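First the proteins, then the strands, lettered A, B, ... as listed; each starts at 1. Because the structure is a prediction, the values reported are computed rather than measured. Reckoned from all heavy atoms, side chains included, excluding hydrogens, waters and symmetry mates.
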Protein chains: 2
Amino acid sequence: MMTAPHSPNDMMIRKLESIFKLTSEEEQALQELSIQTRDIGTNQDIVRVGDQPSQCFLIVEGFTCVHKVSAEGKRQIIAIHVPGDVPDLQSLHLQVLDINISSITPCKLGFIKHTDLYQLCERYPRLAAALWRETLVHSSIFREWLLNIGQRDAYSRVAHLICEIMLRLKAVGLADGQSFEMPVTQAELADATGITPVHANRVLQALRSDGLISTHKHQVTLPDWEKIQQAGEFDPLYLHIKQEVPA
Amino acid sequence: MMTAPHSPNDMMIRKLESIFKLTSEEEQALQELSIQTRDIGTNQDIVRVGDQPSQCFLIVEGFTCVHKVSAEGKRQIIAIHVPGDVPDLQSLHLQVLDINISSITPCKLGFIKHTDLYQLCERYPRLAAALWRETLVHSSIFREWLLNIGQRDAYSRVAHLICEIMLRLKAVGLADGQSFEMPVTQAELADATGITPVHANRVLQALRSDGLISTHKHQVTLPDWEKIQQAGEFDPLYLHIKQEVPA
DNA sequence: CGGGGTGTTGACGCATGTCAAGTATGGTGG
DNA sequence: CCACCATACTTGACATGCGTCAACACCCCG
């Protein structure tokens, strides 16, 4: 398991390193990026529909979610973001935000000015490509969620989401073996999978009694990875996680 | 209503022009892009999950859809693409495709080599940004579809989808006033909204009897734009269509 | 020790799925 | 020009997964 990075800049660098080998010049530029950190509490809005941000934020610690609310007041969670993610990278090229982003745990965030990112992209096309790629991976996750919500039953949806979070946390060193911290309430889980909180509760009970998950507080353990993967029809291809070639 | 563009290159140029004013140098470079056109019939696979394409394709004529199939064999249509779109732009930076793309009408496609696009992006960062932006808009559409499928009832979902297609066709000059050609079968409509074909049929009947749509073959007319927009809770913000400032 | 957020449970209803059988429709070959 | 077929669309009867409502239990934090 990797050690935690020390600065937001290190986090960005480590993330991009997982895509391709950075040149020392590129690494230098990232090291010099000005990133303002800020702490926020649980359930705080970070950005809102209609905003026109002049900066992006990197999650250093904590979880956030992207969500939209229908005219009827129903909330869909569109994405869950974990440390290392830049949830509103899209705002670089889309002026007006079409989503809300809120914290679902206390968070430490690192803010980066758009103007700095523009410069970075212009000078280092490979970094531009890497950031572009980052947005494409999130796009791919949206597509899988569409399949999940559109075609699978509640049981599979929840299993699928749990598998996804497991792997994404593993990729940033926040899960080891079978367990990880998943600080998501049942209501949030429900909004992310398009079911009701009551039904989410029943599905979780079914998963527990089928031996696919066990939970203690928000610590989740997956005793049988194969089985929950099957239950969720989970195939990690869509996460586009580069295979680490062991040294 | 605009006149139809004459070449794939003109189409690309017109599309990018709608985002920002191209310099003559940029326009020149686009004009010189090598694009191979090919015609295909209805229901042909263009690319498939697992492919590693070395080119992207532009839709010159016709409609395509992006879709994924669950382990149970259920198909979710993730996106519908119309002339002017480049449905697999993502393959530029994600090696392995996580989706299938098929024609839903006969199509004329223009294929562009990745290597040519890489060069273009490196030389003209503004064009890179415009293409990036293009993928971000599609991403935004995925998010709205998630809200649509996750939180709205079947009636609203279908109304919403119809509104979206209407506006996107209008943006490329393929819809005028209230009518447009929507060559999508009820089965496809069902797969795109996460309902069954039988239910899609009943919803369409309801929309007709409520006076929100009228159809003749695949020609759809929306007699009351306000009303169907309300029924679908449709707010076009997420399409990020630049407002044309009338001269 | 009190109170708000979270999790749990049961009874009941409904939107949507499923199954099964039709009826257009449009293209093709004789 | 008609017979035929495949594909698309319709319709009705019935089944069910999930939603809704309404309590209640838990538990951390102040």
Does this structure show an ion pair linking [X] with [Y], if we count only N-O contacts that are shorter than 4.0 Å?
| X | Y | result |
| --- | --- | --- |
| B/R48 | B/D51 | no |
| B/R152 | A/E72 | no |
| B/D210 | B/K227 | no |

Gap between atoms [atom1] and [atom2], on [X] and [N] respectively (whole Å):
| X | N | atom1 | atom2 | answer |
| --- | --- | --- | --- | --- |
| A/H216 | D/dC27 | NE2 | P | 10 Å |
| B/I213 | D/dC9 | CD1 | P | 12 Å |
| B/M182 | D/dA8 | CE | C1' | 14 Å |
| A/E72 | D/dT20 | CD | P | 10 Å |
| B/Q151 | D/dC18 | CD | P | 14 Å |
| B/H199 | D/dG17 | NE2 | C1' | 14 Å |
| B/R152 | C/dA15 | CZ | C1' | 17 Å |
| A/I195 | C/dT8 | CD1 | P | 13 Å |

Q: Could you say whether B/P197 or A/A154 is positioned toward the 5' end of DNA chain D, judged by the nucleotide with the nearest heavy atom to each?
A: B/P197
Q) Going by atom types only, do B/H67 and B/D191 share a side-chain donor-acceptor pair under 3.5 Å? A) no
Q) Between A/R157 and A/Q151, do the side chains contain an N or O donor and an N or O acceptor separated by less than 3.5 Å? A) no
[X], nearest nucleotide to its side chain (from [options]):
| X | options | result |
| --- | --- | --- |
| A/Q205 | C/dG17, D/dT20, C/dT8 | C/dT8 |
| A/D153 | D/dT10, D/dC18, C/dT16 | D/dC18 |
| A/T185 | C/dG7, C/dT9, D/dG19 | C/dG7 |
| B/V198 | C/dT9, C/dT16, C/dA20 | C/dA20 |
| B/N201 | C/dG7, D/dC9, C/dG17 | D/dC9 |
| A/K217 | D/dC28, C/dG26, C/dG17 | D/dC28 |
| B/H218 | D/dC18, D/dC9, C/dG17 | D/dC9 |

Q: Record whether the side chain of A/R202 comes under 3.5 Å of the base of D/dT20 through a donor-acceptor pair of N or O atoms.
A: yes
Q: Classify the angle between the aromatic ring planes of A/F234 and A/H160 as parallel (below 30°), tilted (30 to 60°) or perpendicular (above 60°).
A: perpendicular
**Q.** Residue pair B/T215, B/R208: steps toward the side chain to side chain donor-acceptor pair (under 3.5 Å) verdict
**A.** CA-CA 8 Å; B/T215 58; B/R208 279 192 280 257; 3.0 Å; yes
Q) Do any side-chain nitrogens or oxygens of A/Q186 fall under 4.0 Å of OP1 or OP2 in C/dT8? A) yes
Q.
For a quick test of reading the model: is some side-chain N or O of B/R208 closer than 4.0 Å to OP1 or OP2 of D/dT10?
A. yes
(Q) Any base atoms under 4.0 Å from A/L204, or only sugar-phosphate, or nothing? Heavy atoms, all strands. (A) nothing
Q: For B/T193 and B/L189, indicate whether the former's side chain and the latter's backbone hold a donor-acceptor pair under 3.5 Å.
A: yes
Q. With pairs taken as Watson-Crick or G-U wobble and both distances under 3.5 angstrom, which stems of at least three consecutive pairs involve DNA chain C?
A. C:1-30 with D:1-30
